[in-house]
Amino acid sequence: MKIPYFPGCTLYNKARGLDNSTRASLAALGVELAELPRWTCCGTVFPLARDNYMGMVAAARILAGVAGEGEDRLLTVCSFCYNVLKRVNYEMQHNLEARQKLNNYLEENYTGEIQVVHPLEICKEHVGFDAIRARAGRNLKGLKVACYYGCMLVRPALEMGFDDPENPTIMEELVAALGAEVVEYPHKTTCCGSYQVLHENDLVMQRVQDILNSAVAKGAEAIITSCPLCQFNLDWLQEKILEQDTGFRQIPVLYFTQLLGVALELPRESLGLEQHYVDPRPLLLGAMPHLR
Amino acid sequence: MAMELSNKMSRGIIERIKEISGQDPHLCMQCGTCSAGCTGREVMELLPRQVMRLIQLGDARVLHCRSIWVCSTCLLCTARCPRGIDLARLMEALRVINLRSGREVLVAEKIPVELLTRVPQMALTSGMRKLSA
Ligand code: SF4
Ligand code: SF4
């Protein structure tokens with residue numbers, strides 16, 4: 001199975017580990033990602049002002065381009081890319097004014113026919129968790145993992161149509177299929193503070209501390225996410241939290257695709273595990289003898 | 001009424017808020033569900049429910065409150081409002097009215113270099129889109 005793939009700007013820079021591990025783990029499951037020949041930044045955030053069509057142009061152009069190639073799906077993994085592409089697509093389907101204005105501007109005739117998909121959906125619906133369970137090694141047995149969705153993957157529910165907006169379980173189902181142990185905690189869809197890290201750093205630190213402490217208190221040994229910004233906030237800010245609170249217990253924050261890659265026993269070069277502030281390798285050493 | 005004296009917004013601005021957001025702030029029944037879950041609540045001087053009330057009252061101070069810049073557009077309020085109000089769109093309307101007249105809070109030069117070199121690209125793009133003119 002071959003699917004057009006939109007990596008997005010962050011995956012070409014700060015989140016290479018997410019890009020590499022997504023491509024490698026899906027390839028191991030028989031899903032080949034064909035990167036779009038030309039792509040631009042998606043705009044990262046969906047414009048919430050009703051008159052801001054400018055903020056939708058980039059995503060609309062990307063979607064129309066994929067449709068122009070005769071494709072019917074587009075896969076992306078970054079939560080922000082996924083959110084904005086899916087929401088703009090929804091506008092192209094349901095908001096006739098948006099459709100007309102954007103099509104006039106882009107000189108396209110796109111009506112929202114592309115299906116924007118996430119690797120978690122591909123794992124569940126196309127590969128199947130049973131197939132993944134059969135394919136995964138037994139190396140994650142006993143590892144306690146907390147899943148963190150954040151805000152962009154699940155909200156707003158109508159447009160995203162991803163999973164239950166208050167209690168999504170698709171990542172937990174994956175973790176269970178990989179043979180690891182799911183840790184339930186109350187913060188999986190609360191926001192980490194997002195881009196406010198640039199402006200309200202203290203607020204984000206507080207949010208991050210709440211999320212991490214809650215997961216750790218429930219016994220988590222690692223947290224997984226699909227969002228480069230969640231990963232950054234939850235991982236790098238631990239350095240600052242430690243400066244203020246020496247009793248703070250660090251916890252590695254991985255991309256779900258990295259955990260998937262470890263379970264599939266992929267070569268270390270494809271996982272990008274060395275790019276994290278809290279090094280996940282000591283925890284995974286048992287699981288990945290070749291890391292030693 | 002005191003509100004009417006100095007802070008009353010012109011009808012024009014309320015209409016603009018409604019138009020830009022596509023929401024009817026008068027549907028709000030002040031239950032506080034939005035405030036209870038809000039990501040930014042700890043540093044907001046006016047909680048989302050209070051922001052809603054000021055809009056209902058036509059109080060112009062709402063355009064200048066810190067809350068609208070603290071909002072991380074996480075949509076939790078939107079997801080939970082029992083009256084079906086998309087609050088995040090109202091927060092955005094209040095921001096863009098400011099941004100379109102040149103008032104902004106995030107100035108690229110003021111972001112600490114250490115942070116600038118470390119944050120993922122999408123944080124910069126989204127932050128600049130939401131908080132700078
Ligand atoms: S949740 Fe909705 S109805 Fe309740 S206070 Fe907030 S905006 Fe008003
Ligand atoms: S969208 Fe903004 S106002 Fe609403 S809960 Fe999130 S941070 Fe609070």
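Side chains included, hydrogens not; waters and symmetry mates left out as well; all remaining heavy atoms used. We name chains A, B, ... by the order of the sequence lines, and we start the count at 1 in each one.
- For the set B:T78, B:L106, B:V119, the count of heavy-atom pairs under 4.5 angstrom toward chain A peaks at B:V119.
- The part of B:R66 that comes within reach of chain A is its side chain, from C-beta onward, which places non-hydrogen atoms under 4.5 angstrom from that chain.
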Does the pair A:F80 and A:S194 meet the rule for a side-chain contact (heavy atoms from CB on, under 4.5 Å), with working shown? CA-CA 10 Å; A:F80 273 60; A:S194 189; 3.4 Å; yes
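- Proximity to chain A involves both the backbone and the side chain of B:I20, based on heavy atoms less than 4.5 angstrom apart.
- Both the backbone and the side chain of B:T125 have a heavy atom closer than 4.5 Å to some heavy atom of chain A.
- Side-chain contact annotation: A:N201 with A:K240, donor-acceptor N/O pair under 3.5 Å absent.
- Heavy-atom distances place the side chain of B:K130, and not its backbone, under 4.5 Å from chain A.
- Side-chain polar atoms of B:Q30 and B:R49 form a donor-acceptor pair below 3.5 angstrom.
- At a 4.5 Å heavy-atom cutoff, the contact between A:A49 and chain B is made by backbone and side-chain atoms alike.
- Ion pairing between a basic and an acidic side chain is recognised when a charged N comes within 4.0 Å of a carboxylate O; A:K86 and A:E91 show no such pairing.
- Residue contact with chain A, scored on non-hydrogen atoms closer than 4.5 Å, involves the side chain of B:L131 exclusively.
- Of the atoms belonging to B:R129, it is side-chain heavy atoms, and not backbone ones, that fall under 4.5 Å from chain A.
- Ring centroid separation for the pair A:Y12 and A:W39 comes in under the 6.0 Å cut-off.
- Contact of the A:L11 side chain with the A:R16 side chain is not registered, since no non-hydrogen atoms from C-beta on lie closer than 4.5 Å.
- With chain A as partner, the option from B:G22, B:G37, B:A79, B:P112 having the largest number of non-hydrogen pairs under 4.5 angstrom is B:G22.
- Classification of A:R155 and A:E159 as a salt-bridged pair fails, no side-chain N sitting under 4.0 Å from a carboxylate O.
- For B:L124, the parts lying near chain A are the backbone and the side chain together; criterion is any non-hydrogen pair under 4.5 Å.
- Among B:L90, B:V107, B:L76, B:V43, the residue with the largest count of heavy-atom pairs under 4.5 Å with chain A is B:L76.
- In this structure, chain A has a heavy atom under 4.5 Å from the side chain of B:E92, while its backbone stays farther away.
- Taking A:G150, A:A157, A:C81, A:C151 one by one and counting their heavy-atom pairs under 4.5 Å with chain B, the maximum is reached by A:C151.
- Ranked by non-hydrogen atom pairs under 4.5 Å with chain A, the options B:E19, B:R80, B:K110 are led by B:R80.
- Using a 4.5 Å cut-off between heavy atoms, B:A93 makes no contact with chain A at all.
- The residue among A:G193, A:C42, A:A15, A:P165 with the most heavy atom pairs within less than 4.5 Å of chain B is A:G193.
- Looking only at atom types and distance, the side chain of A:E121 has a donor-acceptor partner in the side chain of A:Y82 under 3.5 Å away.
- Residue contact with chain A, scored on non-hydrogen atoms closer than 4.5 Å, involves the backbone of B:T117 exclusively.
- When each of B:L115, B:L116, B:I111, B:V96 is checked for heavy-atom pairs under 4.5 Å with chain A, B:L115 comes out on top.
- Using a cut-off of 4.0 Å between Lys/Arg side-chain N and Asp/Glu carboxylate O, A:D51 and B:R100 are scored as salt-bridged.
- Side chain of A:Q100 to main chain of A:E97: no donor-acceptor pair is present (N/O by atom type, distance under 3.5 Å, no hydrogens or angles).
- Counting heavy-atom pairs under 4.5 Å between each of A:T190, A:D210, A:T44, A:D202 and chain B puts A:T44 at the top.
- The contact between A:P228 and chain B is made by backbone and side chain atoms together, counting heavy-atom distances below 4.5 Å.
- Remark: the A:T257 side chain and the A:S21 side chain contain an N/O donor-acceptor pair separated by less than 3.5 Å.
- When heavy atoms are compared at a cutoff of 4.5 Å, B:R118 approaches chain A by way of both its backbone and its side chain.
- Listed options A:T10, A:V45, A:L229 were ranked by heavy-atom pairs under 4.5 angstrom with chain B; first place goes to A:T10.
- A donor-acceptor contact closer than 3.5 angstrom is absent between the side chains of A:Q238 and A:H276.
- No part of A:N233 comes within reach of chain B, as not one of its non-hydrogen atoms sits under 4.5 angstrom from that chain.
- Judged by distance alone, the side chain of A:Y90 and the main-chain N or O of A:L85 form no donor-acceptor pair under 3.5 Å.
- The backbone N or O of B:P25 sits less than 3.5 Å from a side-chain atom of B:Q56, completing a donor-acceptor pair.
- A:E166 touches chain B through its side chain: at least one heavy atom from C-beta onward sits under 4.5 Å away, while N, CA, C and O do not.
- Checked by atom type, the side-chain pair A:S270/A:N20 shows no donor-acceptor distance below 3.5 Å.
- For A:C230, no part lies near chain B; criterion is any non-hydrogen pair under 4.5 Å.
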